[in-house]
Amino acid sequence: MGRSSAGMNRHDATGEAAHTSDGAGVAGGTQEPGASAGTLSRGPGRLLIAVYGVFALAATARAAFQLATKFDEAPLAYVLTAVAALVYVFATVSLSRSGVRWYRYSLAAVSLELIGVLTVGTLSVVDPVLFPADTVWSVYGRGYGFVPLILPVLGLWWLYRHRAVTAANRRT
């Protein structure tokens with residue numbers, strides 16, 4: 001692979017750290033092939049993070065508006081929208097960071113999101129009286145084209161695909 005014209009850290013076929021364009025080696029010495037920093041946020045991972053970012057902004061704006069203007073109408077629904085916003089913000093940040101700790105945070109955030117979507121989605125179908133107003137996760141995210149249901153599944157799949165990279169980073 002050699003050097004990148006953009007100065008990014010790369011590894012050659014033997015796993016030896018390649019040098020950046022400024023001549024510095026990869027911090028920490030030799031790493032496993034493919035275990036470069038930020039692997040989760042490369043390729044399709046960037047799109048995943050972008051979608052999480054959009055949902056973080058949308059849910060935060062929705063929650064702020066609802067809590068400020070309509071809280072008395074459906075407090076549980078609006079608080080759950082705020083919780084969803086926090087989960088999306090944290091997932092966006094954690095997915096964009098590298099390292100074992102951030103991988104674990106991402107796994108926790110995306111898992112919590114899936115549990116929230118499934119729980120709120122099921123409760124909103126079984127007992128709609130609980131939610132007089134929709135949340136981001138109501139009826140499995142129907143108001144958002146079911147993306148809130150699909151997104152954590154894709155997120156967990158992406159994290160699962162990159163678990164070996166995280167394990168390799170832990171050994172170095």
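Heavy-atom basis, side chains included; hydrogens, waters and symmetry copies ignored. The structure displayed is predicted, hence computed values, not measured ones.
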Review point. Under the 3.5 angstrom rule, does the side chain of Ser111 hit a backbone N or O of Ala108 as a donor-acceptor pair?
Key: no
Review point. What is the minimum heavy-atom distance between Glu73 and Tyr78, and which atoms define it?
Key: OE1-OH, 3.9 Å
Check your understanding: Are Val51 and Val89 grouped together when hydrophobic residues (ILVMFWY) are joined by side-chain heavy atoms under 4.5 angstrom apart?
Key -> no
Practice item. Kindly say whether Gly121 contributes a backbone atom to a donor-acceptor pair with the side chain of Ser124 at under 3.5 angstrom? Key: yes
Point to revise | Contact check, side chains of Lys70 and Phe65, non-hydrogen atoms, under 4.5 Å | key: yes
Check your understanding: Of the non-hydrogen atoms in Val136 and Pro148, which two are nearest, and what is the gap between them?
Key -> O-CG, 3.8 Å
Point to revise | Within-4.5 Å side-chain heavy-atom neighbours: Leu76 and Val79 | key: no
**Study point:** Test log, rule side-chain contact (heavy atoms from CB on, under 4.5 Å), inputs Leu57 and Thr60
**Key:** CA-CA 5 Å; Leu57 290 172; Thr60 300; 5.9 Å; no
Check your understanding: Val153 and Tyr52: same hydrophobic cluster, using ILVMFWY side-chain contacts below 4.5 Å?
Key -> yes
Check your understanding: Of the non-hydrogen atoms in Gln66 and Asp134, which two are nearest, and what is the gap between them?
Key -> NE2-O, 4.2 Å
Review point. If every non-hydrogen atom of Ile49 is compared with every non-hydrogen atom of Ser96, which pair is closest and at what distance?
Key: CD1-CA, 3.7 Å
Check your understanding: Are the ring centres of Tyr88 and Phe55 closer than 6.0 Å?
Key -> yes
Review point. Any side-chain heavy atom of Leu95 sitting closer than 4.5 Å to one from Leu159?
Key: yes
Review point. Leu80 versus Trp137: any side-chain heavy-atom pair under 4.5 Å?
Key: no
Exercise for review: I would like to know whether Leu114 and Leu151 meet side-chain contact (heavy atoms from CB on, under 4.5 Å); could you show each step before the answer?
Suggested key: CA-CA 8 Å; Leu114 182 60; Leu151 193 58; over 6 Å; no
Review point. To the nearest 0.5 Å, how far apart are CG in Leu123 and CZ in Phe131?
Key: 5.5 Å
Practice item. Could you tell me whether the side chain of Thr122 and the main chain of Thr119 form a donor-acceptor pair under 3.5 Å? Key: no
Point to revise | Non-hydrogen side-chain atoms of Tyr140 and Val125 separated by less than 4.5 Å | key: yes
Point to revise | Non-hydrogen atoms of Trp158 and Gly45 that approach each other most closely | key: CZ2-N, 3.4 Å
Exercise for review: State whether the side chain of Thr81 and the backbone N or O of Ala77 hold a donor-acceptor pair below 3.5 Å, judged by distance alone.
Suggested key: yes
Check your understanding: Looking only at heavy atoms, what is the nearest atom pair of Trp102 and Ser94, with distance?
Key -> CE3-CA, 3.5 Å
**Study point:** Side chain to side chain, Val110 and Val87, heavy atoms closer than 4.5 Å
**Key:** no
